[in-house]
Amino acid sequence: AVRPKLESVRQELLDLGLRNALIKFRPLKARGVEVVKEVRDRMAKVYRLDGTQRLINRLYGWLTERGLGADFRQILTVRGRRSGEARSLPIDVLEVDGSRWLVSPYGLVNWVYNVRAADLITLRRGGVETSWRASEVDGPEVVPVIRAYLRAVPVTQPYWDITAGSSDAEILAAARRHPVFRLTPES
């Protein structure tokens with residue numbers, strides 16, 4: 001149990017190291033400025049849950065509770081891994097090849113850790129609530145799911161280092177920073 005957690009922390013630190021290439025920026029070196037600009041232009045945006053994002057989440061949540069907005073948008077409710085309290089947020093659930101999927105466009109955020117720790121999650125839309133088991137999936141199976149997600153929810157594109165037209169290998173490499181979960185109905 002310790003080894004997977006250690007590997008997960010190591011990957012997060014590696015990701016932070018890659019994203020923080022701008023820390024070494026020295027404005028006196030004109031050549032360095034161009035390199036930093038080039039690196040910055042290729043880097044994915046980092047998700048920050050600020051006041052504006054909270055307001056947007058509330059708006060999407062309000063719309064989704066009433067069955068309005070994109071058909072694939074649901075309210076995810078999952079128990080907090082530490083507090084045990086129910087946490088809810090709007091999320092996009094895609095159907096690809098007959099299965100339902102959760103994709104984390106913003107990377108390793110709190111809901112991902114909570115879903116990993118939870119036995120069950122609930123999805124709600126327009127007053128209809130269903131219970132699901134979420135299993136994290138990796139490997140080639142996630143490529144069509146991520147590609148479909150990028151096409152269906154283009155507003156999240158700045159948070160990805162890839163596009164829907166990227167090669168399978170590029171998408172697979174990005175998948176470790178954007179967890180994907182297969183949903184199976186709770187019976």
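FYI, the numbering just counts along the sequence from 1. In this text, all values refer to a predicted model and were calculated from it rather than measured experimentally.
- Using a 4.5 Å heavy-atom threshold, the side chains of Trp160 and Ile146 count as touching.
- A donor-acceptor pair under 3.5 Å links the side-chain atoms of Arg125 to the main chain of Arg73, judged by distance alone.
- Closest approach of Leu123 to Leu76, counting heavy atoms only: CD2-CA, 3.9 Å.
- With sequence neighbours left out, the salt bridge (Lys or Arg N to Asp or Glu O under 4.0 Å) criterion links Arg151 to no other residue.
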Practice prompt. Tell me, with the steps shown, if Asp119 and Arg79 meet salt bridge (Lys or Arg N to Asp or Glu O under 4.0 Å).
Written response: CA-CA 9 Å; Asp119 287 334; Arg79 295 255 169 237; over 6 Å; no
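- Under a cut-off of 6.0 angstrom, the local environment of CZ in Arg58 is sparse, with at most 12 non-hydrogen atoms contributed by other residues, nucleotides or ligands.
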Discussion item. Applying side chain to side chain contact (heavy atoms under 4.5 Å, CB included) to Glu170 and Asp161, what does each step give before you reach the verdict?
Written reply: CA-CA 9 Å; Glu170 290 169 323; Asp161 291 324; over 6 Å; no
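- The shortest side-chain heavy-atom distance between Asp168 and Pro140 does not fall under the 4.5 Å cut-off.
- For the pair Ile56 and Gln53, the minimum side-chain heavy-atom distance is below 4.5 Å.
- Put simply, the side chain of Trp132 does not reach to within 4.5 Å of the side chain of Leu102, judged on heavy atoms.
- At least one side-chain heavy atom of Asn114 sits less than 4.5 Å from a side-chain heavy atom of Arg87.
- For Arg133 (side chain) and Glu186 (main-chain N/O), no donor-acceptor pair under 3.5 Å exists by modelled atom type.
- Minimum interatomic distance between Val109 and Ser104 (heavy atoms only, all atoms of both residues): CG2-OG, 4.0 Å.
- Under the 4.5 Å side-chain criterion, counting only non-hydrogen atoms from C-beta, Thr156 is in contact with Tyr149.
- Of the possible polar contacts, one joining the Trp101 side chain to the Val96 backbone as a donor-acceptor pair under 3.5 Å is found.
- Applying the 6.0 Å contact sphere to CZ of Phe181 captures more than 12 heavy atoms from other residues, nucleotides or ligands.
- With Gln157 contributing its side chain and Pro154 its backbone, the two residues share no donor-acceptor pair below 3.5 Å.
- Of the inter-residue distances, the one linking Ile162 atom CD1 with His178 atom NE2 reads 6.5 Å to the nearest 0.5 angstrom.
- Between atom CZ of residue Phe72 and atom CG of residue Asp92 there is a gap of 5.0 Å, rounded to the nearest 0.5 Å.
- Taking hydrophobic clusters as Ile, Leu, Val, Met, Phe, Trp and Tyr residues chained together by side-chain heavy-atom distances below 4.5 Å, Val115 shares a cluster with Leu108.
- In this structure, the side chains of Val142 and Leu172 come closer than 4.5 Å at one or more pairs of heavy atoms.
- Side-chain contact check for Val145 versus Val103: some heavy-atom pair is nearer than 4.5 Å.
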